[in-house]
Amino acid sequence: MKNYLNRIFAQAAKKLAYLKEASVIFNVPAQSDHGDFATNIAMTLTKKLKRNPKEIAQEICDVLKEIIDDKVIEKIQIAGPGFINFYFTPEYAAQIVKVILNQKEEYGKSKKYHGKKANVEFVSANPTGPLTVGHGRNAVIGDTVANMLEWVGYEVDREYYFNNAGRQMRILGDSVKKRYLELLGEDIDFPEEYYQGEYIKEIAEELKKEFGDKLKGESEEGIFKERAEKIIFEDISKTLESISIKMKSFFNENDLYEEKKIDEVLEYFEQNELSYKDDGAVWLKLSELGIEKDKVIVKSTGEPTYRLPDIAYHKDKFERGYDLIVDLFGSDHAATYPDVLAGLKAMGFDVDKIKVLIHQFVTIMEKGQTIKMSTRKANYITLEELVNEVGSDVVRYFFIMRSISSHLNFDIDLAKKHSEENPVFYLQYAHARISSILKMAEEENIVLSVENLELLNTDAEQKLLKKISLFEEEVLINTENFEPHKIANYLEELAALFHKFYTECRIVGSPQELAQARIALAVAVKTVIKNGLTILGVSAPEKM
RNA sequence: GCCCACGUAGCUCAGUGGAUAGAGCACCGGUUUCCUAAACCGGGUGUCGCAGGUUCGAUUCCUGCCGUGGGUACCA
């Protein structure tokens with residue numbers, strides 16, 4: 001429909017010169033009696049042409065009326081302060097069904113970014129403990145964004161960045177060692193800043209079972225740390241798998257050191273006089289790169305701060321040839337990326353290729369109290385527990401249904417108690433209902449046909465048709481804007497329109513040709529719901 | 001102090017430079033001899049945090065203030 005509008009405006013521009021430079025935007029009006037599409041072009045031209053918007057609208061309409069095919073558009077109307085409203089014919093609206101039945105699970109995909117490569121980095125939790133509900137939001141948003149990019153043509157690599165060295169990991173190893181010694185009956189002192197979680201004891205238990213007391217003299221950075229890392233990573237992978245997330249690669253920060261990539265960056269900064277030494281530390285001249293203050297990149301102890309490996313890591317991503325690099329992290333990391341981007345820019349990289357997505361925190365409510373989560377203090381709810389409790393579909397939907405810049409209030413009690421009232425069931429039920437109708441229709445020997453789609457002319461049918469015809473554009477726009485929650489919103493609206501159609505328009509029992517056309521519509525709707533849920537990583541059940 | 005995000009119905013949250021600001025939950029009532037009632041229909045509440053500004057038009061954009069969360073390290 002929109003394509004048709006663009007075409008007729010292109011033709012109209014031949015007669016009305018001012019339309020040539022104008023960018024004409026079509027919107028779906030909030031009110032359905034304002035037409036299927038509307039444009040405010042006459043109002044935006046008011047200033048430029050110094051003419052009354054209604055007069056401009058009238059002139060445009062007069063030209064358009066010469067061009068339009070009345071089999072496609074049945075009415076053009078000027079309304080309100082100068083909107084031009086377009087009403088499509090029911091027959092034309094119904095044609096979308098053929099397109100969908102033809103494209104099936106491909107419907108909604110587009111090729112705009114075909115041939116482009118994207119890297120989406122998400123989760124990226126260090127292996128010091130199980131994934132928490134907080135990580136869950138990051139994981140689900142990241143995977144869904146990756147799905148969306150694939151739908152518009154990108155080839156996407158999902159990547160997990162982690163660091164298994166450093167202070168936190170040392171403490172992890174020592175936490176395990178202390179628990180191990182405790183199991184052997186030794187009197188230990190377990191500091192508050194150590195990892196308090198039960199999983200530490202389980203790892204220690206496993207080591208005791210396997211090695212008895214032979215590890216007494218081992219270093220905390222040896223087998224204790226290694227085993228903890230291995231077990232925790234297995235646990236993280238399993239959790240991710242349980243919500244259908246599969247990483248293409250796990251990028252280890254240590255590789256940057258081993259492959260001298262850190263040194264390369266340091267050298268570059270030094271040679272280009274972008275860094276200097278002071279107080280025994282190496283400083284990056286960020287004040288010359290548009291950032292307020294210079295920052296340390298190598299501490300006086302010789303250890304780099306996070307900025308340096310992060311710059312080296314992104315340099316590596318650039319060198320791998322991605323057209324788009326997406327970083328996803330929580331608002332607690334919001335302050336870190338400008339420094340990293342500035343460093344990369346100074347090295348000559350096109351930082352416009354990097355899209356940093358920052359999602360706000362998940363606030364956990366339990367028994368009316370907000371819980372401050374901390375992996376170290378073992379004060380958290382694991383993602384695994386949540387998935388076991390409410391299922392993967394609910395977890396994924398819950399984390400994606402809100403805009404990423406909005407705080408997410410997660411009431412654990414409510415999620416457990418009212419999980420059946422989660423809106424995801426509303427979508428899934430629409431899908432299951434259609435499956436059920438199709439089965440019934442088959443038993444009644446009603447065969448799908450696209451020969452009489454013009455019979456789909458009731459209000460409920462027309463609204464449904466217009467909604468499904470917007471799907472491809474929804475996917476494209478929301479992907480370009482990185483707004484995955486809008487896919488969920490769209491599907492909820494679609495499901496609502498379907499449920500209404502279901503109530504008002506019967507299939508079994510209707511005259512044969514109408515029943516056949518309605519079957520075609522039902523299959524088209526089912527396809528769109530299924531495709532939409534696929535993007536969200538949520539299942540589309542045949543039965544509920 | 002400074003930086004970022006958010007502030008919309010009782011609650012959780014959508015939404016938009018335009019035509020009457022929405023959904024779910026919760027509450028009350030109705031719909032099933034008929035393809036799944038996990039549904040549908042009806043009933044109502046808003047100083048769109050506050051105050052200015054830009055605009056033909058602002059809840060949307062800008063500024064200030066207030067509130068919430070996050071950041072502000074030679075932690076990540």
Side-chain angles (χ1 to χ4, degrees), chain A residues 27 29-31 33-34 38 40 43-44 46-47 52-53 79-83 85 124-126 128 161-163 166-168 253 278-283 292-293 295-307 309-310 329-338 358-361 363 365 370 398 401-411 414 418 420-430 432-444 446 460 483 485-486 488-489 492-493 495-496 498-510 515 518-519 522 541 543-544:
Chain A
N27 282 310
Q31 225 78 7
D33 53 322
H34 289 144
N40 63 350
M43 278 126 80
T44 59
T46 303
K47 216 177 231 171
N52 182 310
F83 291 103
N85 297 338
S124 297
N126 285 341
T128 58
Y161 176 71
F162 71 103
N163 181 10
R167 192 178 114 86
Q168 290 309 315
E253 186 182 325
D278 191 31
D279 274 348
V282 180
W283 296 70
E292 224 179 315
K293 283 192 296 188
K295 304 262 172 74
V296 169
I297 51 175
V298 181
K299 300 185 227 173
S300 52
T301 58
E303 262 181 312
T305 65
Y306 68 88
R307 291 180 192 91
D310 268 17
F329 38 71
S331 59
D332 55 337
H333 282 58
T336 75
Y337 75 91
I358 296 185
H359 65 86
Q360 294 298 311
F361 269 24
T363 307
M365 301 270 291
T370 62
F398 205 103
M401 66 193 278
R402 305 301 185 203
S403 105
I404 65 176
S405 61
S406 169
H407 294 269
L408 185 62
N409 209 331
F410 201 116
D411 188 326
L414 203 70
H418 296 298
E420 290 192 351
E421 285 157 16
N422 190 298
V424 70
F425 292 104
Y426 186 77
L427 305 186
Q428 292 182 315
Y429 182 54
R433 247 186 172 176
I434 296 172
S435 305
S436 169
I437 295 172
L438 296 181
K439 202 188 283 171
M440 184 67 71
E442 202 182 325
E443 284 166 14
E444 302 280 330
I446 302 169
E483 294 185 312
H485 72 285
K486 288 196 177 172
N489 295 159
E492 281 182 41
E493 287 162 12
F498 172 74
H499 285 307
K500 186 145 175 99
F501 160 80
Y502 173 88
T503 310
E504 293 179 4
C505 305
R506 302 199 56 78
I507 292 176
V508 178
S510 288
R518 283 179 174 169
I519 287 287
K543 238 201 288 196
M544 281 176 77

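Chain naming here is simple, since letters A, B, ... match the order of the sequence lines and numbering starts at 1 in each.
Separating the NE2 atom of A/His359 from the C1' atom of B/rG71 is a distance of 15 Å, rounded to the nearest angstrom. If you measure from atom CD of A/Glu253 to atom C1' of B/rC75, you get 12 Å, rounded to the nearest angstrom. Put simply, CG on A/Asn163 is 12 Å from C1' on B/rC75, counting in whole angstrom units. If you measure from atom CD of A/Gln360 to atom P of B/rG69, you get 12 Å, rounded to the nearest angstrom. The nearest whole Å value for the distance from the CD1 atom in A/Ile434 to the P atom in B/rA38 is 16 Å. We find that CZ of A/Phe83 is positioned 12 Å from C1' of B/rC56, with the value rounded to whole Å. Spacing between atom CD1 of A/Ile437 and atom C1' of B/rC34 amounts to 13 Å, rounded to whole angstrom units. Atom-to-atom, CZ of A/Arg506 to P of B/rA39 comes out at 18 Å; the value is rounded to the nearest Å.
In plain terms, the two heavy atoms of A/Pro81 and A/Met43 that are nearest each other are CG-CE, 3.7 Å. Between A/Arg307 and A/Val296, the shortest heavy-atom distance links the atoms NH1-O, 3.2 Å. Considering all non-hydrogen atoms of both residues, A/Pro423 and A/Met401 come closest at CG-CE, 3.6 Å.
Using a 4.0 Å heavy-atom criterion, one finds that A/Ala441 contacts no nucleic acid atom at all. Residue A/Asp310 is classed as having no contact, given no heavy-atom separation below 4.0 Å to the nucleic acid. Nucleic acid contact class of A/Asp33 (heavy atoms, under 4.0 Å, all strands): none. Using a 4.0 Å heavy-atom distance criterion, A/Asp332 is classed as a base contact. A/Pro541 comes within 4.0 angstrom of nothing in the nucleic acid, heavy atoms only. Here A/Ile297 lies out of heavy-atom contact (under 4.0 Å) with every strand. Residue A/Thr305 is classed as a sugar-phosphate contact, given heavy-atom separations below 4.0 Å to backbone atoms only. No engagement by A/Met401 is indicated, since no non-hydrogen atom pair under 4.0 Å with the nucleic acid exists. Note on A/Ser403: only backbone sugar-phosphate atoms sit closer than 4.0 angstrom, heavy atoms only; bases stay farther off. Counting non-hydrogen atoms under 4.0 angstrom, A/Lys295 reaches nothing in the nucleic acid. No contact: A/Ala334 has no heavy atom under 4.0 Å from any strand.
Picking from B/rA76, B/rC35, B/rA38 the nucleotide with the shortest atom distance to the side chain of A/Ile507 gives B/rC35. Taking only side-chain atoms of A/Ala281, from C-beta outward, the nucleotide of B/rC40, B/rC13, B/rC74 with the closest atom is B/rC74. Comparing B/rG70, B/rG15, B/rA19 against the side chain of A/Pro29 picks out B/rA19 as the nearest. Of the candidates B/rA14, B/rC34, B/rC6, the closest approach to any side-chain atom of A/Asn489 belongs to B/rA14. Comparing B/rC74, B/rC6, B/rC35 by their nearest atom to the side chain of A/Tyr502 picks out B/rC35. Picking from B/rG15, B/rC13, B/rA73 the nucleotide with the shortest atom distance to the side chain of A/His485 gives B/rG15. If you check B/rC35, B/rC13, B/rA73 against the side chain of A/Arg402, the one that comes closest is B/rC13. The side chain of A/Arg433 has B/rA39 as its nearest neighbour among B/rC35, B/rA39, B/rC75. Comparing B/rA19, B/rA39, B/rG70 by their nearest atom to the side chain of A/Ala38 picks out B/rA19. Minimum atom distance to the side chain of A/His34 is reached by B/rA19, of the listed B/rA19, B/rC13, B/rC74.
Distances shown here put a side-chain N or O of A/Lys500 below 4.0 Å from the OP1 or OP2 atom of B/rC41. In this model, the phosphate group of B/rA14 is approached by a side-chain N or O of A/Ser406 to a distance below 4.0 Å at OP1 or OP2. At the phosphate of B/rA73, neither OP1 nor OP2 sits under 4.0 Å from any side-chain N or O atom of A/Lys299. OP1 or OP2 of B/rC40 has at least one side-chain nitrogen or oxygen of A/Tyr426 nearer than 4.0 Å.
The separation of B/rU33 from B/rG10, taken at their C1' atoms, amounts to 41 Å, rounded to a whole angstrom. Taking the P atom of each, B/rU68 and B/rU8 are spaced 14 Å apart, rounded to whole Å. Using C1' as the reference atom, B/rA14 and B/rG7 are 15 Å apart when rounded to the nearest Å. The same atom, P, is picked in B/rG53 and in B/rG70; the two are 35 Å apart, to the nearest Å. The P atoms of B/rU20 and B/rG24 are separated by 22 Å, rounded to the nearest whole Å.
Across all strands shown, B/rC74 remains unpaired; no Watson-Crick or G-U wobble contact has both distances below 3.5 Å. The partner of B/rC61 is B/rG53, by the rule that a Watson-Crick or G-U pair needs both atom distances under 3.5 Å. Base pairing analysis places B/rU68 opposite B/rA5; the two distances defining the Watson-Crick or G-U wobble pair are each below 3.5 Å. Pairing for B/rA38 is absent, with no Watson-Crick or G-U wobble pair whose two atom distances lie under 3.5 Å. Across all strands shown, nothing is found opposite B/rA21 as a Watson-Crick or G-U wobble partner with both distances under 3.5 Å.
Distance alone, capped at 3.5 Å, is enough to place a donor-acceptor pair between the A/Asn85 side chain and the A/His34 backbone. Judged by distance alone, with hydrogens and angles left aside, the side-chain atoms of A/Ser331 form no donor-acceptor pair with the main-chain N or O of A/Gln360 at under 3.5 Å. Here the side chain of A/Trp283 pairs no donor or acceptor atom with the backbone of A/Ile297 at under 3.5 angstrom.
More than 12 heavy atoms of other residues, nucleotides or ligands lie within 6.0 Å of CD in A/Glu443, so this atom counts as buried by the packing criterion.
By the stacking rule of 5.5 Å between ring centres and under 30° between planes, A/His407 does not stack on the base of B/rG69.
Residues A/Asp278 and A/Met43 each lie close to RNA chain B; by heavy-atom proximity, the contact nearer the 5' end of the strand is made by A/Met43. Along RNA chain B, the nucleotide nearest A/Phe398 and the nucleotide nearest A/Lys293 are compared for position; the residue whose nucleotide lies closer to the 5' end is A/Phe398.
For B/rC74, its base sits under 3.5 Å from the side chain of A/Ser300 at one donor and acceptor pair at least.
A salt bridge does not link A/Lys439 with A/Glu442: none of the charged nitrogens is closer than 4.0 Å to a carboxylate oxygen.
No hydrogens or angles considered: nothing links the side chains of A/His407 and A/Arg402 as a donor-acceptor pair under 3.5 Å.
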